[in-house]
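So the structure is just underneath, and the comments pick up after that.
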Amino acid sequence: MVWNPSPFGQLKVNIDVGQVGPDGIGFGLNIWDYEGVMQYTSSTAMALSLSMHCSPTTYTLRFRLSPKSTFSTLRRTCVACAATPLLQVNDLRAKIVESDIEILRGVNLTVNQGEVHAIMGKNGSGKSTFAKVLVGHPDYEVTGGSIEFKGENLLEMEPEERSLAGLFMSFQSPVEIPGVSNDEFLVMAYNARRKKLGLPELGPLECFSYLMEKLQLVNMKPDFLNRNVNEGFSGGERKRNEILQLAVLGADLAILDEIDSGLDVDALRDVANAVSRILTPSNSLLMITHYRRILDLLNPSHVHVMDKGIIARTGDISMVEAIETEGYETVSTLT
Ligand SMILES: Nc1ncnc2c1ncn2[C@@H]1O[C@H](COP(=O)(O)OP(=O)(O)OP(=O)(O)O)[C@@H](O)[C@H]1O
């Protein structure tokens, strides 16, 4: 297999997914550069499971040639491309409003466009609190530091403005919205985002076909659209529904808090595939997880370990192995 990204340009990466047969095989894969020159193509049965990501600096392609073979990874770095910061968090401190207890004690993190970041760490280390502070959850008060999102001061925005600006978060325990059907909710939220982007609102028919396309992406049955948001949904269905929301709304930065917990193997693969296809060179993903499986599927460029309210260590996916063998205590204190 030959794959030579041009050293001075950005790659445009397209995955052309063909019909998936009953045995799950049948993806076609094409990669072009920005001049439209085909860098790689495969129309043959190639990957049973495919995860792909590209960023302005690093391009990674994972593939396997048959269901039984092991994954191979191709990684290419385009040194001439400057990374564009999407989220910049500096010395962020936050406390619980009700009790005044400080949870975040100086978090520093930069997420550039096109990057996939994973945050791991012991229970209670502050991962979810960090995610909730980013989206403006009212339980927490920021007591110091700064957050810039797309060059704007995120801390000055209301939670709804953050969402309309392109920040999406899926919660660990997605809530029910009784009396509001999933399709009403999605259409309302999507049209609000379109309005914010200066686009015309979609009418009912256009909305319907748009939603059906996204349902297929997440592999959900259409009847989920008529049910009230998350009402009576199983744990796994709620998680899938969160990804459906992400697929419909789109996001510049998607924050997924333990999206993999409680998912069966098929659902995890569907969710990872859907997230993979939502990612582009200009949007980014920040996921919180305890498990390696989703990391193998989404191949983060950066893995962080949170400990006692700070990001104590940052590495690449190879650090996950050290975490599994040594535990968080050792990995967090390594320099
Ligand atoms: N609203 C709240 N009220 C009381 N305590 C809170 C609140 N939010 C967070 N905490 C406490 O802050 C600490 C950090 O919680 P957080 O949920 O951020 O941890 P986490 O790293 O996401 O853990 P886990 O891996 O178990 O999900 C915990 O001790 C938690 O009990």
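For ligands, and for the atoms within them, numbers begin at 1 and follow the listed sequence.
The shortest N or O to N or O distance between Gly126 and ligand 1 is below 3.5 Å. Polar contact with ligand 1: present for Gly124 (N/O pair, distance under 3.5 Å).
Of the protein's heavy atoms, Ile96 CD1, 3.3 Å lies nearest to atom 6 (C) of ligand 1. Counting protein heavy atoms only, atom 27 (O) of ligand 1 is closest to Gln172 NE2, 3.2 Å. In terms of protein heavy atoms, atom 21 (O) of ligand 1 is closest to Lys127 NZ, 2.7 Å. Among all non-hydrogen protein atoms, the one lying nearest atom 8 (N) of ligand 1 is Tyr140 OH, 2.7 Å. Nearest protein neighbour of atom 12 (O) of ligand 1, counting heavy atoms only, is Ile103 CD1, 3.1 Å.
Look at Lys122 and you'll find a heavy atom under 4.0 Å from some atom of ligand 1. Contact between His290 and ligand 1 is present, with at least one heavy atom of the residue lying under 4.0 Å from the ligand.
Distance CG/Asp264 to CZ/Arg269: 9.0 Å, rounded to 0.5 Å.
With a 4.0 Å cut-off on non-hydrogen atoms, Phe130 does not touch ligand 1 at all. Heavy atoms from both the backbone and the side chain of Asn123 come within less than 4.0 Å of ligand 1. Both the backbone and the side chain of Thr129 come within contact range of ligand 1, each with a heavy atom under 4.0 Å. Contact annotation: for Glu258 versus ligand 1, heavy atoms closer than 4.0 Å belong to the side chain alone.
When the heavy atoms of Ser128, Gly121, Ser125 are ranked by distance to atom 17 (O) of ligand 1, first place goes to Ser128.
Between Phe171 and His137, the ring planes are perpendicular. Angles over 60° get that label, and only those under 30° would be called parallel. Ring planes of Phe224 and Phe233: perpendicular class, angle over 60° (limits at 30 and 60°).
For atom 4 (C) of ligand 1, a protein heavy-atom neighbour is present inside the 4.0 Å cut-off.
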